[in-house]
Amino acid sequence: MTNTANPTNSYRVPSVSIATAHTGASSKANELGMRTMQERAYAKRGEQYLLIKSPPASGKSRALMFIALDKLNNQGLQQAIVVVPERSIGGSFADEPLTQSGFYWDWVVVPQWNLCNAPGIDEPRVAKSKVEAVRAFLDSSDKVLVCTHATFRFAVEELGINAFDNRLIAIDEFHHVSANPDNKLGSQLNAFINRDKVHLVAMTGSYFRGDSEAVLAPSDENKFETVTYTYYEQLNGYRWLKSLDIGYFFYTGKYVDAVAKVLDPALKTIVHIPHPAARESLKDKEREVNEIMGSLGDWQGVDPATGFHMIKAKDGRTLKVADLVDDSDAARRSKVLGALKDPAQKNNRDNVDVIIALGMAKEGFDWIWCEHALTIGYRSSLTEIVQIIGRATRDAEGKERSRFTNLIAEPMADQAAVAEAVNDMLKAISASLLMEQVLAPRYEFTPKDIGPKEGFNYGPEGYQPGGTNLGVNKTTGQFHVEINGLTTPQSTEATRICKEDLNEVVTSFLQDKSVLERGLFDKENTLPEELTQLRMGKIVRERYPDLSDVDQEAIRQHAIAAMNITQQAKLALAQADANGSDNVQGSTALLDGVRKFVNVRELDIDLIDRINPFDAAYAVLAKAMDEKSLRQVQASIAAKKVSIPEDEARELAKRALQFKNERGRLPDINSSDGWEKRMAEGVVALARYRAQALVAQKGLPMPRDTPPMPKVTAPKKNDKSREQ
């Protein structure tokens, strides 16, 4: 199939297009000079342990300045230490004259204490002088030090935990921390929390890592007060930026031959080339940069002042291209970085046109004019994707549209590494689905007849007692959705998770490879309840083992509801847009779309659990991919047999017991209802596992009357009347 709308003339997996409400709220400052997120964080300034979860460009750096200055001047702390992941981000914490905007104090960092500007790389051989600088700072009367994660780790190892008593430690890009004992920074923070003599402020644009490790142990995380500001709130509140497009495009052959079709010289762009170990890489990064520049036009030389390459484009303009890939000349690289970070050029749109990077220009990189983040190769980490997209979502005068494009190699039948290609494509689909969830509005789910919530509009007729209501708060982009039969969280922590952390739960679900494979490509043999009840249930139990069964079930239901409403609204919007019946997608997007197209009167737990959360994605994928590519992916996945693992059989048996309590009988293995039959198979499987364990314990052969294991593949769904 050929899609004329696709610049690569190839195929596309599900993409996101979101139009913002354009309220300007997120850029409006109060009498102290604080924007919305900063004001929300400052209200919690008295907390000893504070976690700020807020997207790129929302003002986390300045929020920390406000909080740190209050702790230093009003809360009795001696000093503040700001810890950033890489030296280039240190500039975000440079001096700020906050009193000019109405605040009580200015943010001042004595030059010698901004160790991100000190020469030398952050590794043990060279870092000793920086550790000595940290020691000197702790003995001084100065108030603020800025250093990298690495410098801080070395300093804690050398000086000990107690040397930092009565100080504020602020960790930027907190997702670099891990609860894994092998993560040094995570172990050190655990030690700080156990000693309980410091204040901690942790900041991140995405509170989930690229791997499966927890950022903090649950016992430590519970000590933090959380401030959450969503991507949806941020984008909706911009003054200039009106829309964000996110697309995943396939190409064939070499990516340097396809890049010109998606790299628009008229847009301010950051290009991230693939890692040398990636499948898409040509294993010659210098050649790749040269070919990308060649696709832009004719090379005219290098600007001696900035180190930028000068490229004459086909339209006659001279483009300025910053090369952050070439690290062969440290002085030249330093010159380019200096030109990009020059404070005098921050508001100069014409300073640079294109930046080409490998590992840099991601988190914390501040170029407000970036309109297009073009990434070549798969990024399986949602954290990295969120950070890259954040480069293009800064609000700037005259910048009305921004986009993120991921150019990825198409799985081909004649490729040697078919399994790798299929796995890569699943990553791309997962990332697309996850970004839909991250960019969706925040839902507040309640059981029916809970009553209206302040600040929510329930439509022309208002809140209707006895009806199923949907309220919209256009200021915050939140929805209040009533669902029949919804389990209510009992503990304070579970309530907080349902309000603030559903994205993290959904992320774990959508990054589960077996969930992706079965939900997308084994629909005939996969019951929706297996995904929504068993797999999601297991994920919630593993993430929150200390919560009660009721709280775990409440979190599971809330996460599935949020995911399904987002997917169903997106599908309805796409259909309406395709039919030309309404212009909702191009005007007010998802906010009105959910209200207009989701029939909340049909929302109940039974319905939600019977919707495959991947249906909308699969529909778009089936239309966009050609038969050859789709068959290859399906064939590769179908080759894997799906069995009933013991933990899944145990969960099915629990659901069967719940079924018995509700209906007075056990599930029937011969039922025409696919889910009832699956629960019955789980009971049989669990009986088999228990018999095997008993026999193994006694050292006896298996008895001949032991019930056989059920077939390894799930039955096809037969209850057509209840399918959604």
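Scope of the values below: all heavy atoms of this structure, side chains included, with no hydrogens, waters or symmetry mates.
- Two residues are said to be in side-chain contact when any heavy atoms from C-beta on lie closer than 4.5 Å; Arg394 and Pro56 meet this criterion.
- In this structure the side chain of Met34 reaches within 4.5 angstrom of the side chain of Phe66, judged on heavy atoms.
- Closest approach of Phe445 and Ala562 over heavy atoms only: CZ-N, 3.5 Å.
- Both the sub-6.0 Å distance and the 45° axial angle are not jointly satisfied by Arg167 relative to the ring of Phe164.
- Under a cut-off of 6.0 angstrom, the local environment of NZ in Lys499 is sparse, with at most 12 non-hydrogen atoms contributed by other residues, nucleotides or ligands.
- Across all non-hydrogen atoms, the minimal contact from Arg556 to Met536 is CG-CG, 3.5 Å.
- Listed for the Ser58 side chain is no donor-acceptor partner under 3.5 Å among the backbone atoms of Gln234.
- Atom CZ of residue Phe174 and atom NE2 of residue His149 lie 9.0 Å apart, to the nearest 0.5 angstrom.
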Using the side chain to side chain donor-acceptor pair (under 3.5 Å) rule, take Thr495 and Thr492 through it: C-alpha gap first, then chi angles, then the decisive distance, then the call. CA-CA 5 Å; Thr495 301; Thr492 303; over 6 Å; no

Please step through side chain to side chain donor-acceptor pair (under 3.5 Å) for the pair Asp142 and Gln79, ending with a clear verdict. CA-CA 7 Å; Asp142 290 323; Gln79 295 172 313; over 6 Å; no

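- In this structure, Val156 and Phe192 have side chains that are in contact, with non-hydrogen atoms separated by less than 4.5 Å.
- Across all their heavy atoms, Ala41 and Ile67 have their closest contact at O-CD1, 3.9 Å.
- Interatomic distance, Phe152 CZ to Cys147 SG, rounded to the nearest 0.5 Å: 7.0 Å.
- Closest non-hydrogen pair, Tyr104 versus Tyr42, comes out as CE1-OH, 3.9 Å.
- Checked against side-chain contact (heavy atoms from CB on, under 4.5 Å), Thr226 has the following partners two or more places apart in sequence or in another chain: Leu51, Lys53, Thr228, Arg496, Glu500.
- Annotation: side chain of Val83 is not in contact with side chain of Thr148 (no heavy-atom distance under 4.5 Å).
- You'll find the side chain of Leu516 reaches within 4.5 Å of the side chain of Leu433, heavy atoms only.
- Minimum interatomic distance between Ser92 and Met65 (heavy atoms only, all atoms of both residues): O-CE, 3.5 Å.
- At least one donor-acceptor pair under 3.5 Å links the side chain of Asn73 to the backbone N or O of Leu69.
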I would like to know whether Thr393 and Leu244 meet side-chain contact (heavy atoms from CB on, under 4.5 Å); could you show each step before the answer? CA-CA 8 Å; Thr393 54; Leu244 168 66; 4.0 Å; yes

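- For Arg541, the salt bridge (charged side-chain N to carboxylate O under 4.0 Å, His left out) test picks out Glu651, with sequence neighbours left out.
- The structure places CG of Leu50 at 9.5 Å from CG of Leu64, a figure rounded to the nearest 0.5 Å.
- Using a distance-only test at 3.5 Å, with no hydrogens or angles considered, no donor-acceptor pair links the side chain of Asp395 to the main chain of Tyr238.
- Remark: the backbone N or O of Thr99 is paired with a side-chain donor or acceptor of Asp106 at under 3.5 angstrom.
- With hydrogens and angles disregarded, no donor-acceptor distance shorter than 3.5 Å links the side chain of His558 to the backbone of Pro489.
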Lys285 and Asp327: side-chain contact (heavy atoms from CB on, under 4.5 Å), yes or no, with the steps? CA-CA 11 Å; Lys285 60 185 183 181; Asp327 54 4; 3.6 Å; yes

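- No donor-acceptor distance shorter than 3.5 angstrom exists from the side chain of Asp501 to the backbone of Glu504, with no hydrogens or angles considered.
- Asp342 places no side-chain N or O within donor-acceptor distance of the main-chain N or O of Gly338, the cut-off being under 3.5 Å.
- Defined by atom type and a distance below 3.5 Å, a donor-acceptor pair is present between the side-chain atoms of Gln387 and Glu173.
- The backbone N or O of Leu426 sits nowhere less than 3.5 Å from a side-chain atom of Ser430 that would complete a donor-acceptor pair.
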Using side-chain contact (heavy atoms from CB on, under 4.5 Å), reason through Met563 and Leu502 one step at a time and then give a plain yes or no. CA-CA 9 Å; Met563 189 162 46; Leu502 290 185; over 6 Å; no

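- A donor-acceptor contact closer than 3.5 angstrom links the side chains of Gln48 and Asp196.
- Note that OG of Ser514 is 8.5 Å distant from CD of Glu648, once rounded to the nearest 0.5 Å.
- In this structure, Asn347 and Ile368 have side chains that are in contact, with non-hydrogen atoms separated by less than 4.5 Å.
- Every residue was checked against the side-chain hydrogen bond (donor to acceptor under 3.5 Å, both in side chains) condition with Lys197, not counting sequence neighbours, and none meets it.
- Going from atom CH2 of Trp367 over to atom CD1 of Ile270 covers 6.0 Å, rounded to the nearest 0.5 Å.
- The shortest side-chain heavy-atom distance between Ile52 and Tyr229 does not fall under the 4.5 Å cut-off.
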CA sep, side-chain torsions, deciding dist, call: Val134, Leu115, side-chain contact (heavy atoms from CB on, under 4.5 Å): CA-CA 9 Å; Val134 174; Leu115 303 186; 3.8 Å; yes

For Arg40 and Glu233, run salt bridge (Lys or Arg N to Asp or Glu O under 4.0 Å): C-alpha distance rounded to whole Å, both residues' side-chain angles, the deciding distance at 0.1 Å, then the answer. CA-CA 13 Å; Arg40 192 177 297 177; Glu233 287 180 272; 2.9 Å; yes

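- Of the candidates Leu77, Leu168, Ile169, Ile169 is the only one forming a side-chain contact (heavy atoms from CB on, under 4.5 Å) with Val198.
- Lys60 contributes a side-chain N or O that, together with a main-chain N or O of Pro55, makes up a donor-acceptor pair within less than 3.5 Å.
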Please evaluate residues Glu553 and Thr487 with respect to the criterion side chain to side chain donor-acceptor pair (under 3.5 Å), reporting the C-alpha separation (whole Å), side-chain torsions for both, the decisive distance (0.1 Å), and the verdict. CA-CA 7 Å; Glu553 176 64 8; Thr487 299; 5.1 Å; no

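- Without hydrogens or angle criteria, Ser334 side chain to Ala331 main chain gives no donor-acceptor distance under 3.5 Å.
- Residues Arg333 and Val325 come closest through the heavy atom pair NH1-O, 3.9 Å.
- Taking the charged nitrogens against the carboxylate oxygens, Glu157 and Lys184 do have a contact shorter than 4.0 Å, which makes a salt bridge.
- In this structure, the separation between NZ on Lys71 and CD on Gln75 is 4.0 Å, given to the nearest 0.5 Å.
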